[in-house]
Amino acid sequence: MAREQWASKLGFMLAAMGSAVGLGNIWRFSYVAGESGGGAFLVLYLFFVVVIGVPLLLTEVSIGRKAQSDVVGSFAKLAPGTPWFMTGFFGVLSAFLILSFYGVVAGWAIYYFGKYITGEFFTAPEAGYEATFGGFISHPWQPMFWHALFMILTIFIVYSGVKKGIEFANKIFMPTLAVLLVALAVFSMSLDGASAGLEFLFKPDWSALSNPGVIVAALGQAFFSLSLGMGAMLTYGSYLSKQNKLPSATLGIGLMDTFFAIISGLVIFPAVFAFDIDPGSGPPLVFITLPSIFEQMPFGEVVGIVFFFSLILAALSSSVSILEVPVAYFMRIWNWSRRKASIVMGLIMFLLGITVSLGMGIWSGVTPIGDNNILDSFDYIASNILLPLGGLSMALFVGWYFNKSTALEATDMTGNPVAGIWYSIIKYLAPILIILIFLNAIGIISF
Ligand code: PHE
């Protein structure tokens, strides 16, 4: 059977933007920035997006487009008989780890959506939003119901096929989310005490960077948010034909993703300070901040409903790109139908996600890495270690395994005025930076 293709370059762009924009921009960006000192983290994150993220995005998509195969198959095809295909295995592993917690958090968003539909969260519940949320996520089975629902939706979209399912959902809901976030940001900044939040986000306290963990966190956030290093963008690139030019598309994706992150920061931090919430609250941060905003805002009830609905769709357009990575791989190696591959892989991710969900409550004492619970540990391994390693490998592949003219041709950079800069980044700067950040994190060198 012929491999599927996007209907148009626009279809690809919307799907890739859909992959990039998701819980990573709103939920993950806010809490990681909040835990990592705010301003200095933001500057470093932006630096990584520009000097590593966008150039690498072009690189990753180009590998898939050139090979027309999945994340393992692409390397095996372009570099037969070499160990490069191992990059793909890391990608498939990251996909399992990421979707297992992504699905749980998206389930929380569905629960909130329900609370706004029924009106229960229009005013704060007796125990307050924070305690009510804490009670919900630590419940042994309630969150699993919403998590299961989210995974079923993800599986359904992936198995209904690349074009119909994914392209369609993205065309409608990304603009809705953008408009809502801008309106929320304007309102949030008008709250009493909002300026402390703006200061937190825009006045860098550089001493935060003396903690190597903050540097790794900024790198991990850049990778996570741009869906980089795992093969999601590679797999999406593999459904593109050679006629579609890549550089402008990848730049657009990078800009859009960054826009959503900064706007989310402008929604969350002014409110965090106005409502006296701890910016270091971790993964619950947006879930305890947003309801207080909606409660105060004119038409907040309606905004709450539309916001959570759009957030769920943004999460879905990302989760389908994650599930697509193993699905494309197992469809090829085991000759499975799309339907079978999506159901089986989605089910495994759901089961893995159950451990994440229990880790928020009865298994909160299970701390695989340091004192991190299961969610934080999975996230740490995938986002801060596997994704940057995957990106490092892709940069080395295009920078060193290909010769220069092949690299430029694969990325449509031949004759481009910034081709030289892009090539030096991929060949030298990005790999060196990633390696230095890792060495710094494990204490071998110190910045
Ligand atoms: N970028 C997505 C988000 O921000 C998450 C994601 C990570 C998707 C890695 C694919 C690969 O929500």
Side-chain angles (χ1 to χ4, degrees), residues 14-33 45 48-49 53-54 56-57 60-61 64 70-71 87-88 90-109 150 154 157-158 166 169-170 173-174 177-178 181 218-237 250 253-265 283 286 310-329 345 349 375 378-391 394:
L14 287 166
M17 282 179 186
S19 169
V21 177
L23 296 173
N25 304 65
I26 298 169
W27 161 73
R28 196 177 189 283
F29 172 78
S30 316
Y31 91 78
V32 177
Y45 158 75
F48 289 146
V49 167
V54 174
L56 209 56
L57 185 58
E60 176 168 341
V61 175
D70 55 81
V71 66
T87 314
F90 283 122
V92 173
L93 176 64
S94 313
F96 281 102
L97 289 173
I98 293 178
L99 197 48
S100 70
F101 68 82
Y102 205 88
V104 172
V105 177
W108 300 347
F150 181 80
T154 302
I157 297 179
V158 172
I166 306 173
N170 280 301
F173 292 100
M174 294 267 294
L177 192 65
L181 281 173
L219 183 72
Q221 177 60 23
F223 272 85
F224 188 92
S225 193
L226 289 168
S227 306
L228 269 181
M230 183 183 100
M233 291 298 188
L234 184 154
T235 307
Y236 274 11
T250 45
I253 297 163
L255 282 172
M256 179 67 77
D257 189 63
T258 310
F259 165 82
F260 272 94
I262 293 178
I263 295 289
S264 306
V286 296
S310 317
L311 183 64
I312 293 163
L313 287 158
L316 269 175
S317 61
S318 302
S319 64
V320 295
S321 75
I322 306 175
L323 181 55
E324 184 67 22
V325 170
V327 165
Y329 172 57
M345 295 306 140
M349 288 161 165
L375 189 160
F378 281 10
D379 183 24
Y380 193 90
I381 300 170
S383 315
N384 292 357
I385 301 174
L386 293 178
L387 297 186
L389 281 182
M394 292 174 194

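Start at 1 and go down the list; that is how both ligands and their atoms are numbered.
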With sequence neighbours left out, write down each residue that passes side-chain hydrogen bond (donor to acceptor under 3.5 Å, both in side chains) with Y380, or none if nothing qualifies.
none
Mind checking the CZ-CD1 spacing from F150 to I312? Nearest 0.5 Å is all I need.
8.5 Å
Separation between CD1 of I98 and CD1 of I381, rounded to the nearest 0.5 Å:
11.0 Å
Name each N or O atom in ligand 1 that is under 3.5 Å from a protein N or O, and give the partner atom and the distance.
| residue | atom | partner | partner atom | Å |
| --- | --- | --- | --- | --- |
| ligand 1 | 1 (N) | S19 | O | 3.2 |
| ligand 1 | 1 (N) | A20 | O | 3.0 |
| ligand 1 | 1 (N) | F224 | O | 2.7 |
| ligand 1 | 1 (N) | S225 | O | 3.1 |
| ligand 1 | 1 (N) | S227 | OG | 3.0 |
| ligand 1 | 4 (O) | A20 | O | 2.8 |
| ligand 1 | 4 (O) | G24 | N | 3.3 |
| ligand 1 | 4 (O) | N25 | OD1 | 3.4 |
| ligand 1 | 12 (O) | L23 | N | 3.2 |
| ligand 1 | 12 (O) | G24 | N | 2.8 |
| ligand 1 | 12 (O) | Y102 | OH | 2.5 |

Assess the side chains of D257 and S225: does a donor N or O sit below 3.5 Å from an acceptor N or O?
yes
T154 and L316, any side-chain heavy atoms less than 4.5 Å apart
yes
So which heavy atom on I322 is nearest to which on A95, and how close?
CG2-O, 3.5 Å
